Asker: 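Here you go, one structure.
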Amino acid sequence: MVPALSRLVDEQGRPLRLGDKLGEGGEGAVFRLAEHSSQAIKVYASPLTVERAQKIKILTQFSQTDIGRFTAWPSGLVLDEKGRARGLLLPVVEHGKDIHHLYTPSSRRKHFSTANWRFLVHVSGNVARAFGAVHALGLVIGDVNPGSILVLGDGTVRLIDVDSFQVPVPGGRPLLCTVAVHIFLPPELHQAPLDSVVRTPDHDTFGLAVMIFQLLMLGRHPYAGRFLGAGEMPIERAIAEHRFVFGAHAADRQMQRPPNTVAMEILPSSVAALFESAFAPPAHRRQRPSAREWVQALDQLAAELAHCRRNPTHYYPRSASLCPWCDFEQSTGVLLFDVPATTFTQRYEGEYRQLVDLIAAVPRPVPATLVAATSDIVVNPVAQEAAKTPGLAWGSYVLGILLMVGGALPTTSRWAVDPSWCRCLGVWRRRTQKASEAVDQRLPRCQERRSGCCGGA
Ligand SMILES: [Zn+2]
């Protein structure tokens, strides 16, 4: 709970007034800023730790870049009457909805009524763009999960919970992300101590691949299937044991694709190969496909979609010989995309053009001032800037020392301006490896498995 705060100010000492409450969780609450309705204040229940305040301060150094097009990026600290860091300023994401609402026909119909598979392909590409933009800044998302990605009606996305990202500290150890959702965590981290392990973009791209898979493959988790061995095979264990259900080696790993799913053969070989690579055991790969590789493959897929002759709501890869959605709907009786053809076509064509324009307008996520002239998507402007101006690094430390802070906050960050995240994430999220085991023992299983949000059948 957030205590009564008589006076909050920004870093320049300007007073801030709380408006409507937009959400509340274990760490505190998010309020709309009374003076600027497009801005929000995330107020923590307790003063921030030195490390958390330092992390936010480093993050705000990027707030003037284009990263705000992909994220709800913090723009500054919020201080209380004693000068202690109590929260952060961030933009409100109007009308953003959790990405898992796109997974199943029923939730799509309710939350994204005009979305078809072409829309899903574009959202997938935009998620990859957002990941690439974060990685280009030298940051790691760490806690990849669908509750931290909001999708807007035009198919663009916003990453939230930015204050849980792993951020680089020039000349020092990164400020870590210590939380995770297991079903998006790469196998090599399942037994790792998250409160001390340094994450990499390659870890993020495992979760990215899972998310893209769920978008393109009707919400199915790539590791949720029939186990042909003895006993049960929870998704977390299947990930740790590299049992990709839809891959070419699934049978070797005693896994079988569940009923009422589509095979990966519906996808172009270029996209299927990225999934195989992302989910392969380390002995069979060097590095997972990067966000940039996903963007390229998904852009190509978007450009090569076929339009079903029997059902105008169906778009599918041109590489497939027949429309897989006609076959799926006929065999299961499930209507995947049921927007009336005329309405759908008119509305979606307009949205599609806007989306293409938006994407075309974002050739580089980082402004030239922060990017080396010849660098591409893998740059670390913090390190570059720090090398030029050592004061940048020390400034963060000095600020942290100056800020009076109280007790440590819970490290779980469960904030969204739209707080309607999947309940199962609250169940499975863990703060550390050790805490996770205890929490998992106590909490009930996800109540939304049927929705496909976590791969349930
Ligand atoms: Zn069809």
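When a ligand or atom number is given, it counts from 1 through the structure's own listing order. All values below were derived from every heavy atom in this structure, side-chain atoms included, with hydrogens, water molecules and symmetry-related copies excluded. As the structure is a computational prediction, the values presented were derived from the model and not from experiment.
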Asker: Can you list every pair that meets salt bridge (Lys or Arg N to Asp or Glu O under 4.0 Å) and has a residue in residues 242-251, with sequence neighbours left out?
Answerer: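 Qualifying pairs: Glu241-Arg243.
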Asker: Taking ring-ring contact (aromatic ring centres under 6.0 Å, His included) as the definition, give me every residue that meets it alongside Trp73, ordered by chain and number, with sequence neighbours left out.
Answerer: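 ring-ring contact (aromatic ring centres under 6.0 Å, His included) list for Trp73, sorted by chain: empty.
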Asker: Among all residues two or more places apart in sequence or in another chain, which pass the side chain to side chain contact (heavy atoms under 4.5 Å, CB included) test with Leu152?
Answerer: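 Leu152 satisfies side chain to side chain contact (heavy atoms under 4.5 Å, CB included) with Val93, Asp154, Thr156, Arg158 only.
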Asker: Return the number of protein N, O or S atoms with a distance to the Zn ion (ligand 1) smaller than 2.8 Å.
Answerer: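 If we list every protein N, O or S atom nearer than 2.8 Å to the Zn ion (ligand 1), we get 4.
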Asker: Are Tyr103 and Arg108 close enough that a side-chain donor and a side-chain acceptor fall under 3.5 Å?
Answerer: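 No, because no side-chain N or O of Tyr103 sits under 3.5 Å from a partner of the opposite role on Arg108.
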Asker: For Thr60 and Ser63, test the side chains for any donor-to-acceptor distance below 3.5 angstrom and give the result as yes or no.
Answerer: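 No, Ser63 and Thr60 have no side-chain donor paired with an acceptor closer than 3.5 Å.
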Asker: Pick out which of Asp143, Thr71, Asp161 makes a side chain to side chain donor-acceptor pair (under 3.5 Å) with Ser148.
Answerer: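 The side chain to side chain donor-acceptor pair (under 3.5 Å) with Ser148 is passed solely by Asp161 among Asp143, Thr71, Asp161.
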